[in-house]
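Inspection log for the structure reproduced underneath, given as structure tokens.
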Amino acid sequence: MYYIDVILPIPIRQAFTYSVNKDEALFLKPGMRVAVPFGRSKVYTAIVFRSATAQEPGYPTKSIDHILDEAPLINSHQLKHWQWMASYYLCTLGEVVRAALPSLFLLESETMVRLKETELIDESILDDDEFQVVEALGHQQTLHINDIRSILDRHSVVKVLQGLLEKDCILIHEEVQERYKPRLKTFIRLRADLHQESALNEVLEQMSRAHAQRLALMKMYLLTADPNTEDISQVDLQKASEVSPGVIKALLDKGLMEQYVKQMDRLDFYPGSVANLPQLSSHQLTALEEIEDYHGQELPVLLHGVTGSGKTALYIHLIARQLEAGNQVLYLVPEIALTTQLIQRLQAFFGEFLGVYHSRYNLQERAEVWHNVAAKKQKARLIIGARSAIFLPFQNLGLVVIDEEHEPSFKQHNPAPRYHGRDSALVLAQHHGARVVMGSATPSLESSYLADKGNYGLVKMPYRYNKMLMPQMELIDIREGYRKKRMTGHFSERLIEQMSESLESGSQVILFQNRRGYSPVLSCSTCGVVSECPNCDVSLSYHEYQQQLRCHYCGYSMPVPVECPACGSATLDAKGLGTQQVEAEVKELFPDYRVARMDQDTTRGKKAHSRLINQFEDREIDILVGTQMLAKGLDFAGVKLVGVMNADNLLSFPDFRAHERCFQLLVQVGGRSGRQSEQGLVLIQAFNPYHTILQQVTQYDYPAMYSQETEERRQFKYPPFYRVIRLTFKDRNRQKMQQASRWFATLLRHALQVEILGPEVPVIGRIRNQYLTHILIKFDRDLSAYAIKETIYRAENRFKGLKEFSTVRIVMDVDPY
DNA sequence: AGCACGCCGACT
DNA sequence: GTCGGCGTGCTC
Ligand SMILES: [Zn+2]
Ligand SMILES: [Zn+2]
């Protein structure tokens, strides 16, 4: 007997050992999948983690069910990277596997139920539930356990099934279905000999009476001869020859045409590249040389280039060199939804090499990209993807591009693994010996700091491409405006005046309404009460479209009440999104121009976002009102003026990064203006325009922001000088949760000579009826994170031994920002 | 994480 | 009396 260690995709911090026979032992290698029985009855997909040994473990083992792969699905680079991730981000390998593998590869067994093929079932011995199940099985041969749950309208159906099993009515079995199915499509073609015109004519003559069939056959001949058509489906021919399906069926029956099946590509196919590499300016050339120089020294590069400096063109040159060398390239972007423009641009140069990977792809599509990358297929040599693309089976990664490096959305918050896409990609690149370039117009403080320390090479591009000037920034004091009653709604006189001028000259305008995390609520104008979620400590948000109130945290929903539940008055008032209000005001101020809104509401659908962008690009919209999404890497040629409705509320967030984020956001939004011809103008309305950050924004004074912020971070022990690990305690019982967190904090204070903050109740103290509290562990980044994490684990183990806290869950988040 | 076992309140 | 709630422990 031989034994293998496997990883199961579950949050348990240990490997499991299964027995295999000799043949299996020789065959199985790390990274292959095996189906294993686990627990009572379920069969799970597990990943072989350690090859077989003859060493018998000290406990009984089960044997594997069967082997799922002929060759490892996961390569050694990946296993190494995933192990790093689990240990750095304090999660289990199983959790990493869950996140990393397209779920298609992680089959679980499904419990299926069938009627036993006996004569007649004596229905009198069945109770109501049992009868219902048997009746349903009469209609449908097999039922999934979930079907039975919905038939009986309850979750626990095991008892019922057991009863039926005892009465010998049904069979239960566990089924594992291989769910990856290549997409097959059926096409038709002429019988081989009919490609000869003479042969065809002969046939046509013989069928002089079947007019429609003749027509279809002739059309088929023409379509086949056309070099532009490839495969012809039955429907294609029907449409082309305008005959009924029966006609074509008749031709098939006669054997004049035949069917064949072809495996189709599910992924978008990008046509081959047409464009030459973009011409670089002398500034860009210098930057490119500097980058390559640092790369020669094996340093990742931080490319700090102002908006419009042409960073993408540099990436394109770097990518081209890697592709020429036959290497794979990963291009990470913060949010794939926002990359239509980027994909269009890259496909002009690298069409045939380009693959895209993100969470909006369905399971089959993701599996297909995975296979393409693993096979080093040409069409997957350059992968554009969101953070999860770091899990793909790269083998010879030559370059990782991390675009908009400063974007906080690179960090995954829930569920585990709570990893940072950029930081994990850096480690991945290190494992591969790949080069890295991280780009931003407003680098994150962490990255700038590491560049300062010499961990990264820093390359600057302070000028816009084509000598365009940076947009001019101007602050508008709206406190004055409100005091003197000079405001029209949210608009200052200056903003209105500039908008008119801009619109009249034919330019487009972007208005930025930045209320982070703000969603519309319903409040009573009589008593002021806002409807709250019964399960969470948050107000319900108002969904105009569906006329309901919904909780974003637990999904609770209720119809919009007519009367205030607190005081009974019918004076409920929906406060719309900030963007909605601004949009309404704009329509009133500029009735002759076309206004559109870009926020969570209007970009709900899959394509809504890119449709809006295209409309704006095509100048079908004059004024675009939007939220943060406007700040991210979009290029609009026709925009001269950008207005920021209220800069203060960016600064008022209780987050140590509020200032940094404000600077980044404003500079990025401002960068949307004046990209093509004239110098752009950015008007920033603020109640306190003298705030240093706002002053630094108007001067584009990144160095000043950087030195001021780093000083504060150093003083208050925040990243990048200190590392932060956040522990969240959760329980339905508030007291128990509080006690547990206090116990844990005390233990940590004894065990660690570092700063422990809390327990402290977070902004939202209850979600899904679970009470929450935080403990923050802060320690100098030069201390060994490894040792501290070990201590946390030891504390957790002791904690788990305490019965009184057994229901309390601890969520660990490393670098929780 | 699932999942089953087992113990207690509140209904036919 | 039974049903279903949830606390408890286990999974190679
Ligand atoms: Zn809720
Ligand atoms: Zn009221």
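All chains are named by letter (A, B, ...) in the order of the sequence lines, taking the proteins before the strands, and each is independently numbered beginning at 1.
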| task | Assess whether atom OH of Y786(A) is packed by more than 12 heavy atoms of other residues, nucleotides or ligands within 6.0 Å. | result | no
| message | Output the rounded distance in Å from CZ (F38(A)) to P (dA1(B)). | response | 13 Å
| query | With sequence neighbours excluded, what pairs up with R422(A) under the side-chain contact (heavy atoms from CB on, under 4.5 Å) test? | reply | I402(A), E405(A), H420(A), L426(A), M438(A), S444(A), E446(A), S447(A)
| request: Please state whether the phosphate of dG7(C), meaning OP1 or OP2, lies under 4.0 angstrom from any side-chain nitrogen or oxygen of R732(A). | output: no
| field | Distance in angstrom units between F805(A) CZ and dG9(C) P, rounded | value | 15 Å
| request: Give the rounded distance in Å between these two atoms: CD1 of I7(A) and C1' of dA1(B). | output: 16 Å
Donor-acceptor pairs under 3.5 angstrom involving side-chain atoms of residues 795-805 of chain A: please list them, not counting sequence neighbours.
{"unit_1": "E796(A)", "atom_1": "OE1", "unit_2": "R13(A)", "atom_2": "NH2", "d": "3.2"}

| said: Using whole Å, what does the distance between atom P of nucleotide dG7(C) and atom CE of M737(A) come to? | reply: 15 Å
| note | Residue pairs passing the side-chain hydrogen bond (donor to acceptor under 3.5 Å, both in side chains) test with at least one member in residues 548-557 of chain A, sequence neighbours excluded, are S541(A)-H552(A), Q546(A)-Q548(A), Q546(A)-R550(A)
| field | Over 12 foreign heavy atoms within 6.0 Å of NZ, K22(A) | value | no
| Side-chain N,O (K803(A)) to OP1/OP2 (dG9(C)) below 4.0 Å | yes
| field | Summary of protein contacts for nucleotides 5-10 of chain B, nucleotide by nucleotide, where a base hit scores B, a sugar-phosphate-only hit scores S (4.0 Å, heavy atoms) | value | S-----
| request: Test F391(A) against Y419(A) for side-chain contact (heavy atoms from CB on, under 4.5 Å), laying out the working first. | output: CA-CA 12 Å; F391(A) 296 120; Y419(A) 64 101; 3.4 Å; yes
| note | Rounded to whole Å, the CZ-C1' distance (R809(A) to dG7(C)) equals 11 Å
| Which residues within residues 8-19 of chain A lie with some heavy atom under 4.0 Å of an atom in DNA chain C? | I12(A), Q14(A), F16(A), T17(A), Y18(A)
| said: In this structure, how many angstroms lie between the P atom of dA1(B) and the NZ atom of K800(A), rounded? | reply: 10 Å
| message | Is S806(A) close enough to dG7(C) that one of its side-chain N or O atoms is under 4.0 Å from OP1 or OP2 there? | response | no
| request: Please collect all side-chain hydrogen bond (donor to acceptor under 3.5 Å, both in side chains) contacts where either partner lies in residues 805-817 of chain A, sequence neighbours excluded, each pair once. | output: Y88(A)-D815(A), K411(A)-D813(A), D731(A)-T807(A), K736(A)-T807(A)
| note | When rounded to whole Å, the CE to C1' distance for the pair M1(A) and dC12(C) reads 13 Å
| task | Please answer whether the main-chain N or O of G421(A) pairs with a side-chain N or O of S424(A) as donor and acceptor at a distance below 3.5 Å. | result | no
| query | Can any side-chain N or O of E24(A) pair as donor or acceptor with the backbone N or O of N21(A) at less than 3.5 Å? | reply | yes
| CD of Q770(A) versus P of dA1(B): gap in Å, rounded? | 10 Å
